[in-house]
*Asks:* 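Below you will find the structure I want to go over with you.
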Amino acid sequence: MKEMREKETAAVAETDKAQIEAELGKNPELAARVRHQMRVIRQGAEELIGAEELERKIARSILTGRPLIVKFGMDPSAPDIHLGHAVPLRKLRQMQDMGHTIVIVIGDFTAKIGDPTGKSKGRKAMTEQEVFVNAQTYQEQIFRILDREKTRVHFNGEWLELLNLNEVLQLASTVTVARMLERDDFQNRFRSGVPIGLHEFFYPLMQAYDSVELGADLELGGTDQTFNILMGRQLQRDKEQEPQAALFMPLLEGTDGTEKMSKSLGNYIGISEDARTMFTKVMQVPDSLIVKYFELATDILPEELDKVKEDLADGCNPRDCKLVLARTITALYHSPENTAEAEQFFRQAFTKKEVPDQAQILEVVLESGTLFDCIRPLVNAGIVESGAQFRRLIAQGGVQKNGVRVERPEEPVKSGDVLRVGKRRFVQVKMC
């Protein structure tokens with residue numbers, strides 16, 4: 001019986017494929033719209049698996065008016081989102097703007113298992129309270145990027161908690177232990193003799209079942225999620241669904257230009273940071289990453305990105321392109337007024353003759369806000385030798401705040417302020 005159903009499903013799929021390809025061949029406008037959407041989807045992506053299938057799905061969506069279901073899973077383990085985390089969210093927003101339905105799956109159930117991805121040992125499972133708090137924080141932040149009215153949010157416990165033991169065993173029968181051990185992290189742990197809990201095998205399986213439950217047309221994720229997302233394609237086939245396409249986004253390097261963006265490394269740009277801090281940090285991004293940041297951290301269209309590449313190739317000043325980049329990114333998260341003020345602040349604090357190298361910018365974190373409170377961090381960083389020297393510099397006019405000379409240690413400072421100490425030592429203040 002199952003074999004007969006599979007043959008019928010395959011026959012229907014071939015008929016559908018032929019009809020769509022015929023329509024694309026005789027309808028140039030349809031073909032152009034499909035090409036445009038595919039170009040937007042591919043822009044900046046590391047890899048797209050199932051591209052031909054996705055083209056047909058997009059064509060069918062345009063012809064029928066039925067949007068694609070685009071799935072994105074989130075494990076609520078680290079709720080503070082920076083531009084690196086926002087890379088897939090920006091891609092989702094682009095697809096949302098093209099009319100497709102975004103479905104965010106918050107892995108409350110799978111978080112209780114613990115995602116083993118990239119781990120040398122099993123990850124500690126999260127409590128229900130931890131999942132709930134982090135999930136709430138996630139939602140507050142993701143809707144600074146996604147359109148709340150056009151986004152569906154589900155917790156995968158909605159369906160996974162309803163599976164009975166017989167259904168779980170049926171799911172488990174669709175994949176072999178050998179297949180699971182193809183995952184690098186499992187394979188490395190197995191070879192090293194590090195224990196692998198049987199429950200850990202269920203994480204990719206449960207994540208794959210989310211795609212079946214949603215009938216996902218496309219799943220988006222980072223390259224570290226390749227195994228889990230491809231398992232979704234496999235499980236959909238086993239359940240006689242049309243398999244989802246898989247889009248993988250690359251990791252975004254931080255402001256240091258080498259390591260991936262990370263809060264622990266201090267090379268991050270948080271989406272909740274104030275406009276001044278965000279604008280200034282984007283201006284610290286190395287010139288070599290200007291195009292990549294446009295691709296991954298903004299909603300720029302392919303045609304506009306081509307213009308940026310042409311300008312850089314024609315020898316324009318990278319700083320001018322970076323100003324556009326900083327303005328564009330800051331405007332995504334702040335009002336036009338705050339963005340304009342942040343740019344004005346940057347131009348005042350860093351004139352063309354005074355723009356420091358990235359290595360010369362120090363960030364100091366203060367609990368209270370006066371110049372006097374900066375003395376200890378500045379001494380520890382080697383920028384001044386002592387508090388007495390710092391006070392002498394102030395008296396001699398050698399300290400500026402946002403491009404304006406300061407005259408007393410009691411001068412108030414706030415988060416985002418930039419201090420120039422001496423001729424070319426720059427400090428950015430951040431309040432904790």
Side-chain angles (χ1 to χ4, degrees), residues 5-6 8-43 45 48-74 88-106 142-143 145-156 158-159 207-221 229-249 299 301-302:
R5 286 201 306 271
E6 288 176 347
E8 290 174 354
T9 300
V12 170
E14 284 301 315
T15 301
D16 182 61
K17 175 181 175 181
Q19 291 174 342
I20 291 175
E21 289 181 347
E23 189 65 33
L24 284 169
K26 67 181 182 182
N27 189 335
E29 182 182 351
L30 173 64
R33 291 177 65 185
V34 171
R35 283 195 303 272
H36 172 73
Q37 289 202 25
M38 286 295 293
R39 192 177 179 199
V40 171
I41 290 170
R42 284 180 183 274
Q43 180 174 284
L48 173 61
I49 295 176
E52 291 185 5
E53 300 161 355
L54 182 59
E55 286 182 359
R56 291 195 295 273
K57 289 181 178 186
I58 291 172
R60 185 194 304 137
S61 171
I62 294 171
L63 290 169
T64 63
R66 181 176 64 83
L68 299 184
I69 296 175
V70 183
K71 171 196 168 190
F72 180 65
M74 302 183 77
L89 295 173
R90 297 244 65 94
K91 182 61 66 177
L92 292 172
R93 178 57 191 252
Q94 288 180 319
M95 288 188 272
Q96 198 170 53
D97 290 342
M98 292 189 295
H100 301 303
T101 300
I102 306 304
V103 182
I104 302 294
V105 180
I106 297 177
I142 65 175
F143 289 124
I145 300 173
L146 299 180
D147 186 332
R148 187 185 295 268
E149 299 301 319
K150 299 177 182 178
T151 306
R152 289 163 45 193
V153 178
H154 290 282
F155 291 81
N156 62 9
E158 295 172 23
W159 48 81
Q207 182 175 321
Y209 186 77
D210 294 344
S211 296
V212 173
E213 181 69 25
L214 297 171
D217 294 302
L218 170 66
E219 181 167 3
L220 188 68
I229 293 175
L230 293 184
M231 184 159 285
R233 280 172 61 86
Q234 175 186 325
L235 195 56
Q236 283 179 310
R237 288 193 186 97
D238 291 338
K239 295 295 183 180
E240 299 175 11
Q241 289 186 6
E242 193 174 21
Q244 63 186 13
L247 184 68
F248 301 102
M249 300 303 295
D299 295 332
L301 292 174

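As a basis for the values below, the full set of heavy atoms in this structure was taken, side chains included, without hydrogen atoms, waters or symmetry mates. The structure presented is a predicted model; accordingly, all values stated were derived computationally and were not measured. Counting from 1, the numbers follow the sequence of the chain as shown.
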*Asks:* Could you work out, with salt bridge (Lys or Arg N to Asp or Glu O under 4.0 Å) as the rule, every residue matching Arg233, not counting sequence neighbours?
*Replies:*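 So Arg233 forms a salt bridge (Lys or Arg N to Asp or Glu O under 4.0 Å) with Glu53.
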*Asks:* Heavy atoms only: give me the nearest Leu218-Met95 pair and the separation to one decimal.
*Replies:*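 Nearest pair, atom of Leu218 first, then Met95: CD2-SD, 3.5 Å.
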*Asks:* If you compare all heavy atoms of Lys71 against all heavy atoms of Leu214, which two are closest, and at what distance to 0.1 Å?
*Replies:*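 So the minimum-distance heavy-atom pair works out to CG-CD1, 4.1 Å.
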*Asks:* Could you list all the side chain to side chain donor-acceptor pair (under 3.5 Å) pairs where at least one residue sits in residues 88-99, not counting sequence neighbours?
*Replies:*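 Side chain to side chain donor-acceptor pair (under 3.5 Å) check on residues 88-99 returns Arg90-Asp299, Arg90-Tyr333, Lys91-Gln94, Arg93-Asp97, Gln96-Thr151.
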*Asks:* Sequence neighbours left out, what passes side-chain contact (heavy atoms from CB on, under 4.5 Å) with Gln37? Give chain and number order.
*Replies:*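 Listed in chain order: Ile58, Ile62, Met98, His100.
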*Asks:* I'd like to know if the side chain of Lys57 and the backbone of Asp217 have a donor-acceptor N/O pair within less than 3.5 Å.
*Replies:*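 Looks like yes, one N/O pair under 3.5 Å.
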*Asks:* Do you know which two heavy atoms are closest between Ser61 and Pro67, and how far apart they sit?
*Replies:*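 That closest heavy-atom pairing would be OG-CA, 3.7 Å.
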*Asks:* Excluding sequence neighbours, so at least two apart, what forms side chain to side chain donor-acceptor pair (under 3.5 Å) with Arg39?
*Replies:*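 By the side chain to side chain donor-acceptor pair (under 3.5 Å) rule, Arg39 matches Asp306.
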*Asks:* Sequence neighbours left out, what passes side chain to side chain donor-acceptor pair (under 3.5 Å) with Gln234? Give chain and number order.
*Replies:*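 Arg179.
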*Asks:* Going by side-chain contact (heavy atoms from CB on, under 4.5 Å), name the residues that satisfy it together with Glu55, two or more places apart in sequence or in a different chain.
*Replies:*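 Val34, Met38.
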*Asks:* In Å, rounded to the nearest 0.5 Å, how long is the span from CG of Leu230 to CD1 of Ile49?
*Replies:*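 The distance works out to 4.5 Å.
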*Asks:* So which heavy atom on Val103 is nearest to which on His154, and how close?
*Replies:*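 Shortest heavy-atom separation between Val103 and His154 comes out as CG1-CD2, 3.7 Å.
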*Asks:* Heavy-atom distance under 4.5 Å between the side chains of Glu158 and Glu213, does that happen here?
*Replies:*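 A side-chain contact under 4.5 Å is absent here.
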*Asks:* Which atom pairs, one a donor and one an acceptor, fall under 3.5 Å between side chains of residues 23-33 and the rest of the protein, sequence neighbours left out?
*Replies:*
| unit_1 | atom_1 | unit_2 | atom_2 | d |
| --- | --- | --- | --- | --- |
| Asn27 | OD1 | Glu29 | N | 3.3 |
| Asn27 | OD1 | Leu30 | N | 3.0 |

*Asks:* What's the shortest heavy-atom distance between Leu220 and Pro88, and which atoms?
*Replies:*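 Heavy atoms of Leu220 and Pro88 come nearest at CD2-O, 3.2 Å.
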*Asks:* Evaluate Ile229 against Gln207 for side-chain contact (heavy atoms from CB on, under 4.5 Å), listing each step before the verdict.
*Replies:* CA-CA 8 Å; Ile229 293 175; Gln207 182 175 321; 4.2 Å; yes
*Asks:* Run the side-chain contact (heavy atoms from CB on, under 4.5 Å) test on Leu68 and Leu54 for me, step by step, so that the C-alpha distance in whole Å, both residues' side-chain angles and the decisive distance to 0.1 Å come before the verdict.
*Replies:* CA-CA 10 Å; Leu68 299 184; Leu54 182 59; 3.9 Å; yes
*Asks:* If you apply the rule side-chain contact (heavy atoms from CB on, under 4.5 Å), what do you find for Ile142 with Leu92, and how did you get there?
*Replies:* CA-CA 11 Å; Ile142 65 175; Leu92 292 172; over 6 Å; no
*Asks:* Just jot down the side-chain contact (heavy atoms from CB on, under 4.5 Å) partners of Ala208, sequence neighbours excluded, or say none.
*Replies:*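 Only Met231, Leu235 meet the side-chain contact (heavy atoms from CB on, under 4.5 Å) criterion with Ala208.
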*Asks:* Asp210: what forms a salt bridge (Lys or Arg N to Asp or Glu O under 4.0 Å) with it, not counting sequence neighbours?
*Replies:*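 In terms of salt bridge (Lys or Arg N to Asp or Glu O under 4.0 Å), with neighbours along the sequence ignored, Asp210 is linked to no residue.
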*Asks:* Between Tyr209 and Asn156, does the side-chain contact (heavy atoms from CB on, under 4.5 Å) criterion hold? Intermediate values first, please.
*Replies:* CA-CA 9 Å; Tyr209 186 77; Asn156 62 9; over 6 Å; no
*Asks:* Using 0.5 Å steps for rounding, measure from the CD1 atom of Ile104 to the CZ atom of Phe143.
*Replies:*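 The distance works out to 7.0 Å.
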*Asks:* Examine distances only and state if a side-chain atom of Glu219 and a backbone atom of Gln244 form a donor-acceptor pair shorter than 3.5 Å.
*Replies:*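 No, because the side chain of Glu219 does not come within donor-acceptor range (under 3.5 Å) of the backbone of Gln244.
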*Asks:* Is there a side-chain contact between Leu63 and Gln19 in this structure, where contact means two heavy atoms from C-beta onward sitting under 4.5 Å apart?
*Replies:*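 No, their side chains stay 4.5 Å or more apart.
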